[in-house]
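Let me begin by presenting the structure, written as structure tokens, before commenting on it.
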Amino acid sequence: MFDLLVYLVHHRDRVISKEELLEAVWPDVTVTDNSLQRAVSSLRAALRKGGMDGAIRNLPGKGYRFFLDSEIRQPERADQKQADASVGAIGAIGLARRASAGQLWLQAATLFESADRDGRLSAEDLHDWALALQCLGRAAAAIPILVRAVAARSKAGDAVGAAVDAIALSGLHFESGQAAIGKGWLARAEDWASRLDDAPTTALLLWMKSKLAAFDGEPEQALALADAAYSAVKFKDAVNVEALSLAYRGFYRLCLGDTHGGLADQDHAAAVALSSNNLDPIMGGSLYCNILWAARMFGDWARADQWTRSYQNFCSGSGMELTGSCQLHRSEVLGIRGSLDEALARIQDALARLTSDAPWSMGDANRVLGDILSAIGNDDAALEAYDRAYTMGWCPEPGRAMLLLARGEAEAAYASLERSLIGKSWWTLQRRGILLAHLALVAARTHRAGRAKALICELSGSPDRWPMPSIRALTNEAQAMLALSRQDHEAAMRHLHLARQLWSSIDGRVQIVRLRLQIARLQLEHGDTRGAMAEVHAAQLVARELGSPKLRADCLALQHDIDGWQPAVRRQGIGR
């Protein structure tokens with residue numbers, strides 16, 4: 001990471017391509033684009049602690065460039081004299097508008113700030129300036145600019161523009177944890193919208209009201225509002241709002257158990273958005289983020305992986321900085337897939353960004369941090385992260401319960417999972433399937449056969465509601481534990497293999513290793529040392545790639561047990 005920083009600083013006068021960085025910093029090592037992104041993410045996190053937020057910029061399609069504090073405030077330019085001449089001929093406002101239209105957000109923000117000294121920015125300029133700041137990840141700085149835009153639009157009699165910007169202010173305050181202020185701006189927007197017969201503005205207002213209803217624990221009302229928003233703009237050439245309201249309608253349907261309808265809505269929303277050549281970066285980001293939240297909360301890891309990659313491409317293509325939420329999404333997927341070092345770097349970056357981006361989701365970020373640390377084997381730090389998540393009002397399950405179970409605190413794990421099902425917040429409703437599946441497993445492990453069977457029946461009897469491989473894998477593992485309790489070795493082995501195959505279908509490598517070791521132990525107990533050796537060998541190959549001392553130690557411990565069995569087996573053969 002230090003070599004990367006040195007190279008960027010030494011060549012800070014220009015944009016450096018990814019290819020040049022890979023060749024210069026890692027000349028004799030094969031390094032992927034993902035590894036480079038991880039290194040840059042870690043470096044940004046370190047620089048942020050030193051007050052140099054934004055020092056490393058990603059210029060889509062070009063590469064990276066390092067800016068000193070004084071340079072960050074200036075537009076990027078190849079030649080100072082040429083830039084000065086351009087400013088003289090066109091003016092800062094004209095250049096700012098060009099930069100905004102070209103999605104050169106750093107240039108646009110800098111030039112709008114420069115032009116603002118003359119006091120000649122229009123309401124539309126203020127709107128675009130605020131947009132540029134949001135795309136740079138500076139949401140807090142965009143708020144006073146949008147307030148000015150609302151005032152300017154109101155003075156000019158532009159009710160549509162005033163309502164749209166007031167709704168944007170509502171969203172920014174809501175994301176920053178200032179729900180009361182957000183509701184105030186939404187009420188102001190509603191005043192303007194009530195004078196209009198403008199479907200897109202009405203739909204945007206209804207969409208924002210649906211978000212607030214969901215936050216207040218009213219998913220049925222949220223669904224009704226999102227449906228009304230979609231109906232208001234359907235087939236009316238308002239693609240951005242149509243896609244956004246449709247995505248959120250799907251989100252609330254998922255919360256309320258309509259899996260098929262919810263997924264269909266979200267796929268439809270993505271198709272609508274991608275068919276547009278003029279997708280607003282902020283609305284597009286909200287759409288992607290919503291779909292990703294749903295995929296993660298639902299345990300749909302294959303879908304989450306596809307959408308996080310798509311979201312990253314969208315951010316890169318629109319010149320946006322990766323947000324804290326994007327890093328949060330990606331880190332959990334990477335943790336499931338077993339890229340633990342990268343997952344840890346990304347979640348630490350997410351925690352730093354979310355403090356200002358979306359503090360309401362800090363609890364979920366700490367939950368994910370706990371999951372990653374637990375997979376690595378840093379149990380004490382994982383429990384601290386889970387405790388922080390709970391303190392922030394977020395459910396730390398099922399990760400915390402599974403860690404407690406592994407530490408021998410089975411009753412505490414069971415009680416914690418039972419508590420996690422209380423309530424009707426959107427994250428509890430969406431996570432219900434994954435929570436029930438883990439509860440079934442813990443119930444079976446704590447000899448609550450009746451409760452485990454009832455949970456397995458509920459989950460398996462509703463395949464259309466919970467079709468995710470992760471949930472089906474967990475129910476199969478619970479069935480294996482029940483089979484073992486009645487000494488049915490064959491059924492237990494069958495269910496464990498099915499669970500492992502289901503995790504393999506979505507590349508859930510941490511779980512794959514864990515299940516292979518369970519299978520190997522069962523084989524060893526029944527004298528099948530060759531089968532146990534094969535499973536441990538397969539587990540070791542994956543564990544070496546994961547960056548988890550805990551899993552490697554588990555593999556070695558079981559390998560030692562197998563080695564202890566082999567001499568006895570050979571002696572028995574010689575004696576015969």
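Excluded from the calculations below are hydrogen atoms, water molecules and symmetry mates; all remaining heavy atoms, backbone and side chain alike, are included.
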task: Would you check, one step at a time, whether the test side chain to side chain contact (heavy atoms under 4.5 Å, CB included) holds for T259 with F298?
output: CA-CA 10 Å; T259 303; F298 220 65; 3.4 Å; yes
- request: Check step by step if salt bridge (charged side-chain N to carboxylate O under 4.0 Å, His left out) holds for R303 and D267.
  value: CA-CA 11 Å; R303 189 183 182 85; D267 287 342; 2.7 Å; yes
task: Evaluate salt bridge (charged side-chain N to carboxylate O under 4.0 Å, His left out) for R367 paired with D364, printing each intermediate quantity in order.
output: CA-CA 5 Å; R367 176 188 67 81; D364 191 42; 2.8 Å; yes
task: Give the intermediate values and the outcome of salt bridge (charged side-chain N to carboxylate O under 4.0 Å, His left out) for residues E124 and R153.
output: CA-CA 8 Å; E124 190 64 31; R153 292 189 189 280; 3.2 Å; yes
- request: Using the side chain to side chain donor-acceptor pair (under 3.5 Å) rule, take D125 and S122 through it: C-alpha gap first, then chi angles, then the decisive distance, then the call.
  value: CA-CA 5 Å; D125 291 330; S122 67; 3.1 Å; yes
message: Between M283 and L204, does the side chain to side chain contact (heavy atoms under 4.5 Å, CB included) criterion hold? Intermediate values first, please.
response: CA-CA 10 Å; M283 286 193 182; L204 196 61; 3.6 Å; yes
Working for salt bridge (charged side-chain N to carboxylate O under 4.0 Å, His left out), residues K183 and D216: CA-CA 12 Å; K183 289 178 180 178; D216 288 338; 3.4 Å; yes
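Using a 4.5 Å heavy-atom threshold, the side chains of W185 and V147 count as touching. Put simply, the side chain of S470 reaches to within 4.5 Å of the side chain of I434, judged on heavy atoms. Residues W301 and D507 fail the side-chain proximity criterion, which asks for heavy atoms closer than 4.5 Å. Using a 4.5 Å cut-off on side-chain heavy atoms (C-beta onward), T202 and L206 make contact. Within the 4.5 Å cutoff, the side chain of L287 has heavy atoms near those of the I291 side chain. F174 is listed as a side-chain neighbour of M208, based on a closest heavy-atom distance under 4.5 Å. With contacts defined as side-chain heavy-atom distances shorter than 4.5 Å, the pair H127/L121 does not qualify. Residues D116 and W129 form a side-chain contact, since some pair of their non-hydrogen atoms from C-beta on lies under 4.5 Å apart.
Panel note: side chain T355, backbone L351; a donor-acceptor pair is recorded below 3.5 Å. S154 places no side-chain N or O within donor-acceptor distance of the main-chain N or O of V150, the cut-off being under 3.5 Å. A side-chain donor-acceptor contact under 3.5 Å links R509 to the backbone of R337. With hydrogens and angles disregarded, no donor-acceptor distance shorter than 3.5 Å links the side chain of S100 to the backbone of A96. Between the S331 side chain and the Q327 main chain, a donor and an acceptor come within less than 3.5 Å of each other. Here the side chain of Y252 pairs a donor or acceptor atom with the backbone of S210 at under 3.5 angstrom. Remark: side-chain polar atoms of T201 are not paired, donor with acceptor, to backbone N or O of V160 under 3.5 angstrom. Of the possible donor and acceptor atoms, none in the side chain of S114 sits under 3.5 Å from a partner among the backbone N and O of T110.
For the pair A193 and L205, the tightest heavy-atom approach, listed with the atom from each and the gap, is CB-CD2, 4.0 Å. When every heavy atom of A199 is checked against every heavy atom of A232, the shortest pair comes out as CB-O, 3.3 Å. Smallest separation of non-hydrogen atoms from P359 and S176: CG-O, 3.3 Å. Contact detail for A213 and L225: the closest heavy-atom pair is CB-CD1, 4.2 Å. When all heavy atoms of A189 and I167 are compared, the pair lying nearest together is CB-CG1, 3.6 Å.
Distance check, rounded to the nearest 0.5 Å: CG of D349 to CG of L344 gives 11.5 Å. Separation of atoms CG (L169) and CG (L146) is listed at 4.5 Å; rounding is to 0.5 Å. Distance check: S245 OG to Y230 OH gives 7.5 Å after rounding to the nearest 0.5 Å. Atom CG of D128 is separated from atom CG of L111 by 12.5 Å, given to the nearest 0.5 angstrom. A distance of 16.0 Å separates OG of S325 from OH of Y288, quoted to the nearest 0.5 Å. Rounding to the nearest 0.5 Å places NE2 of H329 at 10.5 Å from CD1 of I347.
Residues passing the salt bridge (charged side-chain N to carboxylate O under 4.0 Å, His left out) test with E242, sequence neighbours excluded: none. Under the rule for a side chain to side chain contact (heavy atoms under 4.5 Å, CB included), the partners of M392 that lie at least two apart in sequence or sit in another chain are M362, N366.
With respect to L246, the side chain to side chain contact (heavy atoms under 4.5 Å, CB included) criterion is satisfied by exactly one of Q266, K234, H268: H268.
In this structure, R296 is positioned above the aromatic face of W293, its NZ or CZ under 6.0 Å from the six-membered ring centre and within 45° of the axis.
Salt bridge annotation for E190-K209: present, with a cationic side-chain nitrogen under 4.0 angstrom from a carboxylate oxygen. Salt-bridge annotation for K211 and E175: present, with a side-chain N of the basic residue lying under 4.0 Å from a carboxylate O of the acidic one.
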